[in-house]
2 protein chains.
Amino acid sequence: MKILENIEKKIKMTPQRAAILKYLEGNTSHPSAEDIFESVRKKYPMISFTTVYNTLQTLKDLDRVRELNIDDERKRYDPNVNLHHHLICNNCKKIVDIFIDFPLDISEEEAQGYTISCRHVEFYGLCPKCRKTKNKGQGNRNRD
Amino acid sequence: MKILENIEKKIKMTPQRAAILKYLEGNTSHPSAEDIFESVRKKYPMISFTTVYNTLQTLKDLDRVRELNIDDERKRYDPNVNLHHHLICNNCKKIVDIFIDFPLDISEEEAQGYTISCRHVEFYGLCPKCRKTKNKGQGNRNRD
DNA sequence: TGTTATATTGTAATGATTACATATTATACT
DNA sequence: AGTATAATATGTAATCATTACAATATAACA
């Protein structure tokens, strides 16, 4: 399901929300709240950071956005809520999707009494760009 | 390798560090910095939060501790640096270990040019205790 | 068009983590 | 054992992401 699909029926549509939704629709860059804020601000300079967080919360509640904890510095958001996994660059923090259905079933005993609701595989490594420029004093976050 | 093994040869040993190391050795509770601070403080009331963070940084640099991003509220630390995965309760944030070697190899194409250095599977769910007490206004972090 | 619930904004608060300057101390070398 | 010194501990302040809140504005619906 697309993030925008039928969303106007679920939430009150405002120009700010429309701009955030437009930015997120089909976006595979796994933006942080700040990324979203900075991008939307170009068209709506009056938008508030709080609105970005509020909208993300609303979208999370409606399962239209997934919050990722893979970046140790900030939360990242993914409008693709279908099952998939992620690969992050330890240097620039660029995240890419991994669409593989790994066998991750575990027994009840292994689950130690927990009821499991979801699974996520995180791959950590170095992206092609950072591998090339390693050992040159780099350490900057990706800003594609 | 145990966390304490040969560690005195690598770092300057102090009573504070010894207390932190003792707390971490064999600890499977995946404590936060605050957990460590509060526990160590019982014996060493003068210990500083900064010392806890500094020591954790030192241990990370020496690969004696692994920093976990699985809890969205705070970083958690694991003295077991051998390959394993984790299961977290969405309610109380209690984390348990999963010692299963899942097949997680991906092709070069699937890695999209990244050099992969490690893999981590995160399971999310509800622990037995929280499942029982659900819908009773609970929402509290685990404090075993 | 008016009403009203809901959203937006700006600012302030919070909470985790880091930076920094000063005081202390473990270690190595006489 | 005594001392030098490089590393560590401490306390406080700063930073950064995120959340709380109160006042204002507005989309949706009658």
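Here is how names work: the chains are called A, B, and so on, in the same order as the sequence lines, proteins then strands, and each is numbered from 1. Owing to the predicted nature of the structure, the values given are computational and were not obtained by experimental measurement.
- Less than 6.0 angstrom separates the ring centroid of His85(B) from the ring centroid of Phe102(B).
- His86(A) has its side chain within reach of Asp97(A): a pair of non-hydrogen atoms, C-beta onward, lies under 4.5 Å apart.
- Rounded to whole Å, the distance from CD1 on Ile7(A) to P on dA28(D) is 13 Å.
- The phosphate of dT6(C) (OP1 or OP2) has no side-chain N or O of Arg17(A) nearer than 4.0 angstrom.
- What separates CD1 of Ile11(B) from P of dT25(C) is a distance of 18 Å, to the nearest Å.
- Taken together through direct or relayed side-chain contacts under 4.5 Å among Ile, Leu, Val, Met, Phe, Trp and Tyr, Ile11(A) and Val40(A) form part of one hydrophobic cluster.
- If you take CE of Met46(B) and P of dG11(D), they are 9 Å apart, rounded to a whole angstrom.
- Minimum atom distance to the side chain of Lys75(A) is reached by dT19(D), of the listed dT19(D), dT10(D), dT27(C).
- Heavy-atom nearest nucleotides on DNA chain C were determined for Thr51(A) and for Pro15(B), and the one closer to the 5' end corresponds to Thr51(A).
- The phosphate of dT17(C) (OP1 or OP2) has a side-chain N or O of Tyr53(B) nearer than 4.0 angstrom.
- Atom CG of Leu56(A) is separated from atom P of dA17(D) by 15 Å (rounded to the nearest Å).
- Taking every side-chain heavy atom of Thr50(B) into account, dT10(D) is the closest of dT17(C), dA27(D), dT10(D).
- Between Phe37(A) atom CZ and dC16(D) atom C1' the separation is 15 Å, expressed in whole Å.
- Where Tyr77(B) and Ser48(A) each meet DNA chain C at their nearest nucleotide, the meeting point lying more 5' is that of Ser48(A).
- Between Met13(B) atom CE and dA28(C) atom P the separation is 12 Å, expressed in whole Å.
- Nucleotide dA9(D) holds its C1' atom 8 Å from the CG atom of Asn54(B), rounded to whole Å.
- Positionally, the nearest nucleotide of DNA chain D for Lys12(B) lies more toward the 5' end than for the other of Phe49(B) and Lys12(B).
- When heavy atoms are screened at a 4.0 angstrom cut-off, Thr14(B) is found touching the sugar-phosphate backbone but no base atom.
- As rounded to whole Å, 12 Å separates atom P of dA28(C) from atom NZ of Lys9(B).
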For this session: List the steps, then state whether side-chain contact (heavy atoms from CB on, under 4.5 Å) holds for Leu21(A) with Thr55(A).
Result: CA-CA 9 Å; Leu21(A) 290 169; Thr55(A) 301; 5.6 Å; no
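- By the 30° and 60° cut-offs, the orientation of the rings of Phe49(A) relative to Tyr53(A) is parallel.
- For Gln16(B), no side-chain nitrogen or oxygen approaches OP1 or OP2 of dT24(C) to under 4.0 Å.
- Looking at the side chain of Arg74(A), the nearest of the listed nucleotides dT8(D), dA17(D), dC20(C) is dA17(D).
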